[in-house]
Amino acid sequence: MSTSFGTATSAVTPNDPKIRMQSFTGLRTSHSVALTRNVSVFPLPFSSTPSLIRAVSSPVKPGKTTTTEPKRSKVEIFKEQSNFIRYPLNEEILTDTPNINEASTQLIKFHGSYQQYDRDERGARSYSFMLRTRNPGGKVPNQLYLTMDDLADQFGIGTLRLTTRQTFQLHGVLKKNLKTVMSTIIKNMGSTLGACGDLNRNVLAPAAPSMKKEYLFAQETADNIAALLTPQSGFYYDVWVDGERFMTSEPPEVVEARNDNSHGTNFPDSPEPIYGTQFLPRKFKIAVTVPTDNSVDILTNDIGVVLVSDEKGEPQGFNIYVGGGMGRTHRLETTFPCLGQQLGYVPKQDILYAIKAIVATQRDHGRRDDRKFSRTKYLISSWGIEKFKSVVEQYYGKKFEPFRDLPEWEFKSYLGWHEQGDGALFCGLHVDNGRVAGKMKKTLREVIEKYNLNVRITPNQNIILCDIRSAWRRPITTVLAQAGLLQPRYVDPLNLTAMACPAFPLCPLAITEAERGIPDILKRVRAVFEKVGLKYKDSVVIRVTGCPNGCARPYMAELGLVGDGPNSYQIWLGGTPNQTQLARSFMDKVKVQDLEKVFEPMFYYWKRKRHAKESFGDFTNRIGFEKLQEVVNKWEGPVQAPTKYTLKLFADKETYQAMEELAKLQSKSAHQLAIEVIRHFVAAQQNRKSE
């Protein structure tokens with residue numbers, strides 16, 4: 001059926017006869033559990049005023065009844081009137097303006113893109129678009145990597161960004177080039193569908209290309225979950241490749257699970273059997289992993305899936321966590337970061353049905369009136385985990401089994417050289433803040449192209465080169481080192497675990513710097529370490545975001561800096577190196593130039609009072625914030641102990657003065673810069689000698 005549309009506007013009236021709409025019945029109140037659905041897609045008569053019961057949920061005050069329609073956010077209206085995320089975006093991308101209208105700005109997120117403008121520039125806004133790919137488990141075929149590298153140079157800002165959800169971000173694409181870039185990605189084994197928007201985002205899994213059975217099964221499960229929750233109505237291909245489909249065949253178990261409506265999870269006969277017209281209330285994040293491997297920040301997702309195997313290593317089923325999420329709003333205490341809670345265990349053959357039941361519960365009962373409270377964590381906070389579990393079980397059609405015991409979690413970076421288990425090697429490379437640029441970008445391209453390597457992106461913004469023959473190890477190591485891609489033992493430990501979101505200049509939500517600010521912050525932390533007597537190997541997990549939305553997961557860091565004003569940060573403390581403890585807010589409105597006033601006393605106190613091998617996060621939780629605040633307030637500087645060993649770096653005054661002048665340009669001391677030069681020189685020499 002074809003549908004014609006009038007001129008695109010930012011709002012369309014609900015009774016517009018030209019809109020193709022989906023109708024369904026079922027939700028009686030926000031607390032209703034029994035659901036029935038009757039879905040149809042139909043042209044509206046010119047004079048019709050449809051009466052719809054929409055799949056929305058809005059809180060109802062106790063004892064209050066109302067016949068008025070529940071309040072809905074503006075985005076819910078845009079989705080309903082969009083003909084399944086097509087209109088008015090399909091018209092807006094064809095206009096001559098450099099930007100798109102309000103409704104399209106929301107809808108293009110479902111296609112994997114955000115409209116942005118350069119906030120460093122004054123005057124008229126310079127609009128561009130950020131594109132985010134979808135790569136379950138971070139897997140990137142050789143062809144796609146080379147394509148993204150080309151697109152960054154031809155249509156972007158000349159850089160690629162590796163994200164905390166194992167995807168690429170391509171910044172700076174102009175509206176006139178959107179269709180070319182999107183179609184090129186699609187035709188080269190890639191996709192941006194669902195990388196943003198109110199639906200399931202990229203599914204995380206351990207990035208290691210290990211041939212171990214448990215890793216292969218976890219990654220296969222992540223692929224199947226991603227396929228299950230991929231939109232089905234074709235809007236993505238209609239807009240960007242004129243309806244031509246580029247879809248791989250799906251495993252039969254995925255098709256069967258998606259089509260199953262035994263327990264009222266689906267909208268029958270709908271182009272979107274799981275999502276309907278309204279999709280989900282907000283973004284939805286899922287991660288899959290194996291026991292001990294917390295490379296995916298498992299507890300920060302709406303759903304965390306952990307493979308459970310028997311004593312012989314055979315996969316048996318999955319533990320499921322629910323309700324994790326990082327986003328919050330400053331000065332609104334009813335918003336908060338949250339760790340996932342234990343929901344239960346399911347046999348391996350039921351995992352897709354259990355996932356679908358959780359998604360349906362959030363779809364039908366998550367709030368749609370206020371997007372600040374629309375994530376799964378707020379539904380669970382309102383209901384409690386037992387009620388949430390009970391409702392999910394009705395969609396699932398079974399009771400969850402008890403959660404299985406798990407060993408302690410570890411953070412695994414997969415940096416350096418490792419065996420895959422099939423005779424090949426893989427090499428994990430640290431990339432500061434995931435920004436692939438300059439000589440590093442050129443060298444990575446050359447290596448990946450020359451050796452025909454596949455790639456994986458890690459949830460810590462790093463990159464893994466896969467399928468490397470042993471004979472290639474030495475030449476690859478040498479050329480990478482020359483481009484600054486060093487083996488992990490030559491990278492500052494502070495940098496290895498640090499993360500930052502992009503923030504300025506392109507993110508419209510940024511309050512202050514993150515990616516551009518963290519290099520200097522890490523150098524200043526290192527200087528504080530040296531001043532208070534901490535060792536080089538001592539390290540702290542530091543994460544920086546330009547706003548409270550938490551894209552770099554700062555609320556899991558030992559030291560989290562969250563932008564709360566111009567050149568100002570809220571300081572969070574108490575996360576742990578294995579990402580299992582939620583940090584807490586310690587101080588507000590700390591100006592960037594005053595960070596040492598907080599860092600010095602805290603790190604000095606940690607050095608003097610910590611237990612053996614006690615991490616900074618564990619230390620801050622044991623000591624307590626009241627004592628730490630007292631230490632910060634009374635700080636007068638470290639007690640200077642006599643230096644036991646002295647390294648004389650400068651033999652003459654002229655050399656020292658020259659180094660001092662260079663150091664001032666980088667806001668360092670001559671000693672700090674000299675030490676950095678020596679470390680880089682030693683690292684380069686070691687890499688030349690390495691195998």
Side-chain angles (χ1 to χ4, degrees), residues 114 116 118-120 128-133 135 138 140 144-173 181 195 202 207 413-415 427-448 455-465 480-486 488 490-492 494-510 512-523 541-547 551-554 557 561 563 666 680:
Y114 283 86
Q116 301 179 329
D118 192 333
R119 296 175 65 186
D120 283 346
S128 66
F129 291 80
M130 179 272 284
L131 274 62
R132 182 185 296 155
T133 59
N135 309 90
V140 182
L144 178 59
Y145 185 92
L146 299 179
T147 298
M148 296 301 297
D149 184 80
D150 287 338
L151 291 173
D153 292 336
Q154 295 172 17
F155 300 104
I157 59 174
T159 71
L160 284 171
R161 197 164 198 283
L162 315 176
T163 79
T164 59
R165 291 202 71 80
Q166 299 183 273
T167 66
F168 288 116
Q169 283 186 179
L170 181 63
H171 292 91
V173 178
V181 175
N202 195 54
S413 69
Y414 298 110
L415 296 178
C427 180
L429 299 169
H430 171 73
V431 180
D432 278 337
N433 307 304
R435 183 67 67 179
V436 180
K439 187 175 182 181
M440 176 201 301
K441 178 175 177 293
K442 181 176 182 291
T443 301
L444 275 175
R445 164 69 185 240
E446 290 172 353
V447 169
I448 291 168
V455 166
R456 297 200 183 182
I457 302 169
T458 81
N460 238 50
Q461 303 174 308
N462 296 320
I463 192 166
I464 294 176
L465 307 183
L480 290 174
Q482 291 170 350
L485 287 160
L486 305 175
Y490 302 126
V491 180
D492 191 319
L494 291 172
N495 291 65
L496 287 178
T497 56
M499 292 201 297
C501 68
F504 288 129
L506 294 176
C507 178
L509 302 176
T512 194
E513 297 286 359
E515 181 185 344
R516 296 194 303 193
I518 196 173
D520 181 62
I521 289 172
L522 292 177
K523 290 173 185 175
V541 177
I542 300 173
R543 296 176 176 178
V544 182
T545 57
C547 81
C551 293
R553 302 189 287 272
L561 302 181
Q666 301 182 38
H680 283 303

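These values consider heavy atoms only, across backbone and side chains, with no hydrogens, waters or symmetry-generated copies.
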Grab the two heavy atoms, one from [X] and one from [Y], that are nearest each other, plus how far apart they are.
{"X": "Thr545", "Y": "Cys551", "answer": "CG2-N, 4.1 Å"}
{"X": "Gln166", "Y": "Ala207", "answer": "NE2-CB, 3.7 Å"}
{"X": "Leu509", "Y": "Cys547", "answer": "O-CB, 3.3 Å"}
{"X": "Gly546", "Y": "Ala503", "answer": "CA-CB, 4.1 Å"}
{"X": "Ala514", "Y": "Cys501", "answer": "CB-O, 3.3 Å"}

Rounded at 0.5 Å granularity, tell me how far [atom1] in [X] sits from [atom2] in [Y].
{"X": "Leu131", "Y": "Leu151", "atom1": "CG", "atom2": "CG", "result": "9.0 Å"}
{"X": "Leu480", "Y": "Glu446", "atom1": "CG", "atom2": "CD", "result": "10.5 Å"}
{"X": "Tyr145", "Y": "Ile463", "atom1": "OH", "atom2": "CD1", "result": "4.5 Å"}
{"X": "Asp432", "Y": "Leu496", "atom1": "CG", "atom2": "CG", "result": "9.0 Å"}
{"X": "Leu160", "Y": "Asp153", "atom1": "CG", "atom2": "CG", "result": "8.0 Å"}
{"X": "Asn495", "Y": "Leu522", "atom1": "CG", "atom2": "CG", "result": "5.0 Å"}

Counterpart residues, ring pair (Phe, Tyr, Trp, His ring centres under 6.0 Å), relative to Phe129 (two or more places apart): none
Looking at side-chain heavy atoms only, is the closest gap between [X] and [Y] below 4.5 Å?
{"X": "Leu170", "Y": "Val181", "value": "yes"}
{"X": "Pro505", "Y": "Arg516", "value": "yes"}
{"X": "Ile448", "Y": "Leu146", "value": "yes"}
{"X": "Thr458", "Y": "Tyr414", "value": "no"}

Looking at [Y], is its backbone amide N or carbonyl O close enough to the side chain of [X] to form a donor-acceptor pair, meaning the two atoms are under 3.5 Å apart?
{"X": "Thr167", "Y": "Thr163", "value": "no"}
{"X": "Thr133", "Y": "Phe168", "value": "yes"}
{"X": "Asn433", "Y": "Arg435", "value": "no"}
{"X": "Asn135", "Y": "Val140", "value": "no"}
{"X": "Arg161", "Y": "Gln169", "value": "no"}

By salt bridge (Lys or Arg N to Asp or Glu O under 4.0 Å) - contacts of [X] (at least two apart):
{"X": "Arg119", "answer": "none"}
{"X": "Asp150", "answer": "Arg445"}
{"X": "Lys523", "answer": "none"}

Any residue meeting side chain to side chain contact (heavy atoms under 4.5 Å, CB included) with Thr164, in chain and number order, not counting sequence neighbours: Gln461, Met499, Arg553
Under the side chain to side chain contact (heavy atoms under 4.5 Å, CB included) test, residues paired with Ala195 that sit two or more places apart: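 Expected list: Arg132.
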Residues Leu429, Leu444; criterion side chain to side chain contact (heavy atoms under 4.5 Å, CB included); working and verdict: CA-CA 10 Å; Leu429 299 169; Leu444 275 175; 3.9 Å; yes
Residue pair Thr443, Gln482: steps toward the side chain to side chain contact (heavy atoms under 4.5 Å, CB included) verdict: CA-CA 9 Å; Thr443 301; Gln482 291 170 350; over 6 Å; no
Residue pair Val455, Leu465: steps toward the side chain to side chain contact (heavy atoms under 4.5 Å, CB included) verdict: CA-CA 5 Å; Val455 166; Leu465 307 183; 4.1 Å; yes
Verdict with reasoning, Leu415 to Asn462, per side chain to side chain contact (heavy atoms under 4.5 Å, CB included): CA-CA 8 Å; Leu415 296 178; Asn462 296 320; 3.8 Å; yes
